[in-house]
Amino acid sequence: MTLSCFELGETMLSVSEAMTALMTLATRTTGCENVPLENAYGRRLAVDITAPINVPQQTNAAMDGVALAWPDTQDTRWPVVGDAFAGQAFSGPVPAGQCVRITTGAPLPEGTDTIVMREQLDEQPDHVTINAPDRIKRGQHIRQAGEDIRAGSVALAAGNRLDAASMGLVASLGYAEVSVSVRPRVAIFSTGNEVTAPGAVLPPSAIYDTNRFTLTGLLTEQGAEVIDIGILPDDPDAIQQALEDAAQKSDLVITSGGVSVGQADFTRQALQAMGQLAFWRVALRPGRPMACGLIGEQQTPFVGLPGNPVAVMVTFSQFVVPLLRCIEGQKPALPARLKAIAETPLKSRLQRTDFLRGVYRCDEHGVLHVRATGAQGSGILTSMVAANCLIELGDEQQDAQPGEAVCIQPLARWP
């Protein structure tokens, strides 16, 4: 049985327990809307895409050449009785032992069942001769109607995000518009008197705000609409007001920092004053502390991520990404995982899941290997820039030595 996150108090949770509990916050969804296909890139399908036609619609040629009406006895010299082009089919049946010149994509003429490419032919105006006929196989170079997609079948399931390939697939079925989930509206802000906006003069003992820009990028990658509230001071009233305002105009509120038990960490206090606090202790590194709950009368989900930049990225990938799927009305999905061989010693601790930044590679035998990027402090943002994966050492695993198999989560990286 799945417990509501409000039944867990401040229990120390495993990563899987925290993810499962967090999904119970998604009590409403964003709904769906129809958009033109040309505007649908990156959107998540709200309903299945069902094929109204076969793809390809007709059995057709996969090569330029001739379409043979294969006789009972094979010959090398074939009379040509016409032409077939893509968009202009040959009319009528082709008698046995004769052929039709054909271009790639042209419907296969009635009576023919084999294509011979032009490179294997000696062509004359009224006949062709096949070179090396012993290499011809009956039925070759034919695309069968519906061999890609059968009419009536589900071509793309609801929940898929439309990338370049799937956009083309939907277009091949004749859809001019698609039903997609409404983009989640996510409000973000940073807290802390020491946090300074990039471009401003950096006071002594202050830091530039990195997490809002990291979150903006992460949310954009997930297809969300970002509402950037900016930087809030360490003022309980200001934070509470910002939380209330954000809850009214968003589907999810995310903050970074201010959720520990420090003297000046006011986000947690504000949430308890005007909402419900779910949990804030999760057995992972980097990642603690983290707060979750519901805000105001709207019961808007809230996730308070840690303040350290790497911890923000790790907790976002493990918790916020599946929560966004639930808010869009879809089932949550676990991060993609692969197995790789450790090349460097990897430190971990029992009863805690560690996410190390790593670089994986594929050797000449197709085996994946992974090494740590170096120092693994949760404030070392360069470790995430250098990484192409997270190395996941589960709560039952203590360290990993070179040569051991470990689990990795590949990170999206532009070439």
Side-chain angles (χ1 to χ4, degrees), residues 34-41 43 45 47-157 160 162-179:
N34 290 338
V35 299
L37 181 58
E38 59 266 27
N39 298 333
Y41 181 82
R43 304 295 296 272
L45 287 174
V47 297
D48 294 343
I49 295 292
T50 301
I53 58 173
N54 284 324
V55 179
Q57 187 171 2
Q58 298 170 313
T59 300
N60 65 83
M63 294 281 183
D64 289 348
V66 293
L68 308 182
W70 203 282
D72 294 334
T73 59
Q74 186 176 349
D75 196 357
T76 59
R77 189 179 186 279
W78 295 74
V80 176
V81 295
D83 299 279
F85 302 98
Q88 183 178 338
F90 178 83
S91 179
V94 179
Q98 300 184 12
C99 69
V100 169
R101 288 191 176 89
I102 196 166
T103 61
T104 302
L108 195 67
E110 181 183 352
T112 64
D113 61 3
T114 303
I115 302 296
V116 179
M117 68 178 71
R118 297 191 66 180
E119 292 81 353
Q120 293 179 272
L121 301 172
D122 287 332
E123 297 187 69
Q124 301 298 324
D126 61 346
H127 72 276
V128 297
T129 301
I130 299 176
N131 299 319
D134 55 313
R135 296 172 55 190
I136 305 302
K137 294 182 179 180
R138 191 167 188 171
Q140 69 181 20
H141 304 320
I142 301 293
R143 298 173 180 148
Q144 298 295 328
E147 72 175 25
D148 185 7
I149 306 170
R150 289 282 184 187
S153 67
V154 175
L156 281 175
N160 276 290
L162 292 170
D163 59 11
S166 55
M167 290 273 286
L169 188 150
V170 173
S172 76
L173 297 173
Y175 284 88
E177 63 178 25
V178 289
S179 178

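Computed from heavy atoms alone, side chains included, the values below leave out hydrogens, waters and symmetry copies.
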Nearest heavy-atom contact between Ala145 and Arg150 is O-NH1, 3.4 Å
Passing candidate, side-chain contact (heavy atoms from CB on, under 4.5 Å) with Val178, options Asn39, Leu156, Val35, Val47 | Val35
If every non-hydrogen atom of Leu169 is compared with every non-hydrogen atom of Ser172, which pair is closest and at what distance?
-> O-OG, 2.6 Å
Are more than 12 heavy atoms from other residues, nucleotides or ligands located less than 6.0 Å from atom CD of Gln57?
-> no
Closest heavy-atom pair and its distance - Cys99, Leu68 = CB-CD2, 3.7 Å
Distance in Å, Thr50 OG1 paired with Leu173 CG, rounded so as to fall on 0.5 Å steps = 9.5 Å
Report the C-alpha separation of Met167 and Tyr41 in whole Å, then their side-chain angles, then the decisive distance to 0.1 Å, and conclude whether the side chain to side chain contact (heavy atoms under 4.5 Å, CB included) test is met.
-> CA-CA 7 Å; Met167 290 273 286; Tyr41 181 82; 4.2 Å; yes
Between Met63 and Arg118, does a side chain to side chain contact (heavy atoms under 4.5 Å, CB included) hold up when you go through it step by step?
-> CA-CA 8 Å; Met63 294 281 183; Arg118 297 191 66 180; over 6 Å; no
Close side-chain approach of Ile130 and Ile136, heavy atoms under 4.5 Å = yes
Which heavy atom in Ala61 sits nearest to a heavy atom in Ile115, and how many Å separate them?
-> CB-CD1, 3.9 Å
Taking atom CZ of Arg135 as the centre, does the number of heavy atoms from other residues, nucleotides or ligands within less than 6.0 Å exceed 12?
-> no
Hey, does Thr104 have a side-chain heavy atom less than 4.5 Å from the side chain of Arg143?
-> yes
